[in-house]
2 protein chains.
Amino acid sequence: MAEQLMPDAFIDKVAQRFKMLSEPIRLRILNQLQLHDEMNVQELVDAMQQRQATVSKHLALLTREGILSRRKEGLHVYYRLNDPSIAGMCMLVCARLKDEAREHSRVILAD
Amino acid sequence: MAEQLMPDAFIDKVAQRFKMLSEPIRLRILNQLQLHDEMNVQELVDAMQQRQATVSKHLALLTREGILSRRKEGLHVYYRLNDPSIAGMCMLVCARLKDEAREHSRVILAD
DNA sequence: ACACTACATAACGACGTAGGAATATAACAC
DNA sequence: GTGTTATATTCCTACGTCGTTATGTAGTGT
């Protein structure tokens, strides 16, 4: 008999963590921060093509969740990735999506 | 320079996948299906303590997303986990949450 | 045919959260 | 102090999705 995926007591927190990763703009922010170790808000605003308020709000969410760290330096605030599990999660999902795509095309071709 | 977490073209699909995992009730369904390989709707309704319509809708979402598979047998419909990446994702998140909790208590104790 | 069961779906209201505009706050320069 | 810049926050509206209720549909049995 297989074990549980997660303890019942963790379910709400796990759901919350996944929710933080369920917005494309937040994933794009994480993607940027993976490329450039550290970025300030304006740099992210430029990269995201989104309003400063919008970016700031997502940064606040990700930081409260522990996914980003925040470092203030003068007028600027620098963010960086603070969750070593993120990379693995994204890799897992991407690999799975590729598998699905491959499987799907195989089925299509089999017709 | 680190690589991207995911290709830009995948971002929307990755976000969608995470969104499917961002509801406690859906995680509880996945947890049940991990324990009992295959369950029909009524069995899941009983385990979830939720209305049949509610459970059916979440099952439909997870199935359309490719996370569950569906097998009809007479009047009953049996669902099972169909995404081998789910277990790894949940493990990663849970491990991370535990790390955070440990780190947090360390900080607290250090005061 | 009718009745019953298991499940799916539609219509509805409630709530959460996204983005936009405006405003507040903080740090610097003068 | 005033002014300016970088960032955070508040208020608002719009939209998505949750759960509930009611109804539809498919399969079985008589």
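By convention in this document, chain letters (A, B, ...) are assigned in the order of the sequence lines, proteins followed by strands, and residues within each chain are numbered from 1.
B:Lys72 comes within 4.0 angstrom of the backbone, heavy atoms only, and of no base. Nucleic acid contact for A:Tyr78: none, since no nucleic acid atom lies under 4.0 Å from a heavy atom of the residue. Contacts of A:Gln42 with the nucleic acid, taken as non-hydrogen atoms under 4.0 Å apart, involve only primed sugar atoms and P, OP1 or OP2.
Proximity note for B:Leu75 (side chain, C-beta onward) versus D:dC18, C:dC7, C:dA6: the nearest is C:dA6. Among the nucleotides C:dG19, C:dA8, D:dT7, the one closest to any side-chain atom of A:Ile25 is C:dG19.
Residue B:Gln52 places no side-chain atom within donor-acceptor reach of the base of C:dA6, judged by atom type and a 3.5 Å distance cut-off alone. Taking only distance into account, the side chain of A:Lys57 meets the base of C:dG20 through a donor-acceptor pair shorter than 3.5 Å.
Atom CG in A:Leu59 sits about 10 Å away from atom P in D:dT7, given to the nearest Å. With rounding to whole Å, B:Arg71 atom CZ is found 15 Å from C:dC7 atom C1'. In this entry the distance linking CZ of A:Arg28 with C1' of C:dG19 reads 13 Å, nearest Å. For the pair A:Ile29 CD1 and D:dT7 C1', the interatomic distance rounds to 14 Å; values are reported in whole Å. With rounding to whole Å, A:Gln16 atom CD is found 16 Å from D:dC18 atom C1'. The CE atom of B:Met48 sits 17 Å away from the C1' atom of D:dC18 (whole-angstrom rounding). Protein atom NZ of B:Lys19 is 12 Å distant from nucleotide atom P of C:dT17, rounded to whole Å. Rounded to an integer number of Å, the gap from A:Glu23 CD to C:dG16 C1' is 12 Å.
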### Query
Going through the checks in order, is the side chain to side chain donor-acceptor pair (under 3.5 Å) test met by B:Gln16 and B:Asp12?
CA-CA 6 Å; B:Gln16 175 64 20; B:Asp12 285 5; over 6 Å; no

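Between B:Ser56 and C:dA8, a side-chain N or O to OP1/OP2 separation shorter than 4.0 Å is present. Regarding contacts with the backbone of C:dA8, a side-chain N or O of B:Arg70 is found under 4.0 angstrom from either OP1 or OP2. In this model, the phosphate group of C:dG19 is approached by a side-chain N or O of A:His58 to a distance below 4.0 Å at OP1 or OP2. Side-chain N/O atoms of B:Tyr79 include none lying less than 4.0 angstrom from OP1 or OP2 on C:dA6. Contact between the side-chain N/O atoms of B:His76 and the OP1/OP2 oxygens of D:dG27 is not found at any separation under 4.0 Å. OP1 or OP2 of C:dA18 has not a single side-chain nitrogen or oxygen of A:Thr54 nearer than 4.0 Å.
One N or O on the side chain of A:Ser22 and one on the backbone of A:Lys19 form a donor-acceptor pair closer than 3.5 Å. Judged by distance alone, the side chain of B:Asn31 and the main-chain N or O of A:Met6 form a donor-acceptor pair under 3.5 Å. Within the 3.5 Å criterion, the main-chain N or O of A:Asn40 finds a donor-acceptor partner in the side chain of A:Glu43. No donor-acceptor pair closer than 3.5 Å links the side chain of B:Arg26 to the backbone N or O of B:His58.
For A:Arg64 and B:Arg51, each mapped to the nucleotide of DNA chain D holding its nearest heavy atom, the one lying further toward the 5' end belongs to A:Arg64. Between A:Glu73 and A:Leu61, it is A:Leu61 whose nearest contact on DNA chain C lies nearer the 5' terminus.
Atoms CD1 and CD, from A:Ile67 and B:Glu100 in turn, are 8.0 Å apart once rounded to the nearest 0.5 Å.
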